[in-house]
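Everything on this sheet refers to the single structure shown next.
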Amino acid sequence: TRLQELHRLWELLLEKMREKGVKLLQAQKLVQFLRECEDVMDWINDKEAIVTSEELGQDLEHVEVLQKKFEEFQTDLAAHEERVNEVNQFAGKLIQEQHPEEELIKSKQDEVNASWQRLKGLAQQRQGKLFGAAEVQRFNRDVDETISWIKEKGQLMASDDFGRDLASVQALLRKHEGLERDLAALEDKVKALCAEADRLQQSHPINASQIQVKREELIANWEQIRTLAAERHARLNDSYR
């Protein structure tokens, strides 16, 4: 009887040790799972500053630098998705094993997934804003380059040299007609930029007033050079007569 009692106590001790071993293993797995969740959450929180940045660049070159940096972040983001998948797989395994802390595990899993989806959504918004900023800055650059070209030609149109004799007047007329052909070719560019201004004002209403200012500046310079060209042509014709 005493031997049976000892045997029973021994079995009980083994059972308690087995139970304790299971609980220790469950606790170890839970700690590991929570650490993985924390690592992913830390990374997400760290990257949130990138996707919530309002910096859109002062010019096209600056926007392109920001876009390049953001592309590097997106590569990092895509690579990090594997970590999120691992958290979900780990959670699924623990729940399948009927872990006693199932509620906590599901809660942490949901927290990681919600934060991950939010980060991806904000990243998409940031990408769109940078793309829009690049479009507007490209328009600004094209307008500035066109105005610069107009002003350069305008200086030639503003010359007070109308020729001293028939030969010099004819030479100046030929040169002026060449400039007028350049202007005729530029007219298509001016029309295209005005059409682009209309499109950008629709797609980027927040920049509409700035785009309008740029458009008006372009039209004012274009009308001024056309007037200068007509006046110079008339003066040269008068000299020719």
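- The local environment of CZ in R199 is crowded, with over 12 non-hydrogen atoms from other residues, nucleotides or ligands closer than 6.0 Å.
- Between the side chain of R141 and the backbone N or O of L60, no donor-acceptor pair lies under 3.5 Å.
- Between the CG atom of L200 and the CZ atom of R215 there is a distance of 11.0 Å, given to the nearest 0.5 Å.
- With hydrogens and angles disregarded, a donor-acceptor distance shorter than 3.5 Å links the side chain of N45 to the backbone of M41.
- Across all non-hydrogen atoms, the minimal contact from R126 to E54 is NH1-C, 4.2 Å.
- At least one donor-acceptor pair closer than 3.5 Å links the side chain of H99 to the backbone N or O of E101.
- Between atom CG of residue N221 and atom CD1 of residue I150 there is a gap of 5.5 Å, rounded to the nearest 0.5 Å.
- Checked options E135, E145, K214, Q210; the residue passing with N140 is Q210 (criterion: side chain to side chain donor-acceptor pair (under 3.5 Å)).
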Notebook entry, point to check: Between K189 and L186, is a side chain to side chain contact (heavy atoms under 4.5 Å, CB included) present by the stated rule, with each step listed?
Noted result: CA-CA 5 Å; K189 175 79 170 171; L186 186 69; 4.1 Å; yes
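- Here the side chain of T227 pairs a donor or acceptor atom with the backbone of E223 at under 3.5 angstrom.
- Using cut-offs of 30° and 60° on the angle between ring planes, the pair W116 and W43 is tilted.
- Distance check: D39 CG to L34 CG gives 11.0 Å after rounding to the nearest 0.5 Å.
- W222 pairs by the ring-ring contact (aromatic ring centres under 6.0 Å, His included) definition with nothing, not counting sequence neighbours.
- Panel note: side chain Q201, backbone A208; a donor-acceptor pair is recorded below 3.5 Å.
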Item checked: Derivation of the side chain to side chain contact (heavy atoms under 4.5 Å, CB included) call for Q32 and F90 -> CA-CA 10 Å; Q32 189 186 344; F90 200 167; 3.9 Å; yes
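- Taking all atoms of both residues into account, the shortest heavy-atom contact from C37 to V87 is SG-CG1, 3.9 Å.
- For T52 (side chain) and E48 (main-chain N/O), a donor-acceptor pair under 3.5 Å exists by modelled atom type.
- A distance of 14.0 Å separates NZ of K153 from CG of L228, quoted to the nearest 0.5 Å.
- Within the 4.5 Å cutoff, the side chain of Q137 has no heavy atoms near those of the Q58 side chain.
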Next item on the list: Show the numbers, then the answer: is there a side chain to side chain contact (heavy atoms under 4.5 Å, CB included) between E64 and R138?
Entry: CA-CA 10 Å; E64 285 173 347; R138 198 171 288 112; 4.3 Å; yes
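- Looking at T75, its side chain does come within 3.5 Å of a backbone N or O of E71 through a donor-acceptor pair.
- Within the model, atoms NE2 of H80 and CG of N85 stand 11.0 Å from one another, a figure rounded to the nearest 0.5 Å.
- Using modelled atom types and a 3.5 Å distance limit, the side chains of E216 and Q212 yield a donor-acceptor pair.
- Between the OG1 atom in T146 and the NZ atom in K151 there is a gap of 12.0 Å [rounded to 0.5 Å].
- You'll find the side chain of K29 reaches within 4.5 Å of the side chain of E97, heavy atoms only.
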